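Okay, structure first, notes after.
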Protein chains: 2
Amino acid sequence: MKAAPAEFRALCHRHRLAATHQRQVIYEAVMSLPGHPSPEDIYEKARKSIPSISLATVYKNIRAFLDKGLLQEVSLHHGSLRVDANHDPHHHLVCTRCRSIMDLDEAEMVPPRFRQKLPRGFKVLRISVDVLGICAECASKKARRA
Amino acid sequence: MKAAPAEFRALCHRHRLAATHQRQVIYEAVMSLPGHPSPEDIYEKARKSIPSISLATVYKNIRAFLDKGLLQEVSLHHGSLRVDANHDPHHHLVCTRCRSIMDLDEAEMVPPRFRQKLPRGFKVLRISVDVLGICAECASKKARRA
DNA sequence: TATTAGATAATAACTATTGTCATTCATGAA
DNA sequence: TTCATGAATGACAATAGTTATTATCTAATA
């Protein structure tokens, strides 16, 4: 066991997670990687510190971090392809609990505006807003664990 | 062969797709299903008309429809889990061509606002904006097929 | 020391998706 | 209408991503 900064231990303690070496290496891998790494990316990075680490351990700990709120998912709907036949511009109401998706007509939102210029020649085609929250159904089903 | 409305044949012709029976049934399945159906949903629905239809055919035609713009994907990043360690509120610049994701600080956007009340007790947690477009790199790499 | 809860590694299992290929079909030309 | 030809289909193999299972290990506690 090496570094094990007190910060990480505190972070784990705060979230009721045991501060294991693997967990720390995985967490540091996430933090050190640019952009939004995939489990595979994280695995490759973590292997540099712990060559014997298992991909399943990476998955399991990512899930633990997500469940506890240390990390969040870039997109809630990555499990399966969903098609959208609605050609009218619209946004989505997404339930973070059951992952259901409802349409929200574009007219129901004030058009998004930027304060600054967008970076380096990015050419905007359209803007898609996900309103994340808890749908009425899920809300009525009692509160669950965080 | 049954219905085969001229509309669908015209639609296909306009998009350079052969107007096959399966294709029509798949398209109608998408249109008739509520929300944002998955390939499996569409498959189940289509089987009611063509019990022998293959799941691969459903996938291939969904892809064809997406490529030709008859349908669109609910989310561009559904392939694999991506984690986000950025706890500062932010949005995303998503390239529809290479699917790269860049962060956009929340402060760079005017906070989204609703014009109307949200439906039936939906409790908003956060709002995630995807700015879809073409990144500078892709833009410089010539125009591709639609 | 014995017990126990939680974590890991190996691997099996599962789900979503795509590729291969022989057969069949849609389309436009004759 | 017939025909040639490329596109589409269906069966199935293959792959990627992810989760489940389980035996083992470890650290903390009784």
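Quick note: numbers below take in every heavy atom, side chains included, and nothing from hydrogens, waters or symmetry partners. Letters A, B, ... are given to chains in the order of the sequence lines, protein chains preceding strands, and every chain is numbered from 1. All figures in this text were calculated on a predicted structure; none of them were measured in a lab.
- Distance, B/Glu44 CD to C/dA16 P: 12 Å, rounded to whole Å.
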Take nucleotides 2-9 of chain C nucleotide by nucleotide from the 5' end and write B, S or -, depending on whether a protein heavy atom sits under 4.0 Å from the base, only from the sugar-phosphate, or from neither.
-> -----SBB

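- Atom-to-atom, OH of B/Tyr59 to C1' of D/dT15 comes out at 13 Å; the value is rounded to the nearest Å.
- Look at CD1 on A/Ile62: it is 12 Å from C1' on D/dG17, rounded to the nearest Å.
- Between the C1' atom of D/dT18 and the CG atom of A/Asp67 lies a distance of 14 Å, rounded to the nearest Å.
- Applying the 6.0 Å contact sphere to CZ of B/Arg115 captures more than 12 heavy atoms from other residues, nucleotides or ligands.
- Between the side chain of A/His91 and the backbone N or O of A/Val129 there is at least one donor-acceptor pair closer than 3.5 Å.
- Between the CZ atom in A/Phe122 and the OG atom in B/Ser100 there is a gap of 7.0 Å [rounded to 0.5 Å].
- B/Glu40 has its CD atom 15 Å from the C1' atom of C/dT18, to the nearest Å.
- With respect to B/Arg99 and B/Glu73, a salt bridge is recorded, a charged nitrogen being found less than 4.0 Å from a carboxylate O.
- Partner of B/Asp41 under the side-chain contact (heavy atoms from CB on, under 4.5 Å) criterion, chosen from B/Val30, B/Leu33, B/Val58: B/Leu33.
- Put simply, CZ on B/Arg63 is 12 Å from C1' on C/dA16, counting in whole angstrom units.
- Although no hydrogens or angles enter the test, the distance criterion places no donor-acceptor pair under 3.5 Å between the side chain of B/Asp67 and the main chain of B/Ala64.
- Following rounding to the nearest Å, B/Arg9 (CZ) and D/dA8 (P) show an atom-to-atom distance of 14 Å.
- Remark on the helix from C/dT1-D/dA30 to C/dA30-D/dT1: inter-end axis angle 30°, axes from five-pair C1' superpositions, rounded to 10°.
- No more than 12 heavy atoms of other residues, nucleotides or ligands lie within 6.0 Å of NE2 in B/His13, so this atom counts as exposed by the packing criterion.
- Here CG of A/Asp84 is found 3.5 Å from NE2 of B/His36. Values are rounded to the nearest 0.5 Å.
- Between B/Leu55 atom CG and C/dT18 atom P the separation is 10 Å, expressed in whole Å.
- Judged as a ring-ring contact (aromatic ring centres under 6.0 Å, His included), and not counting sequence neighbours, A/His77 has no contacts.
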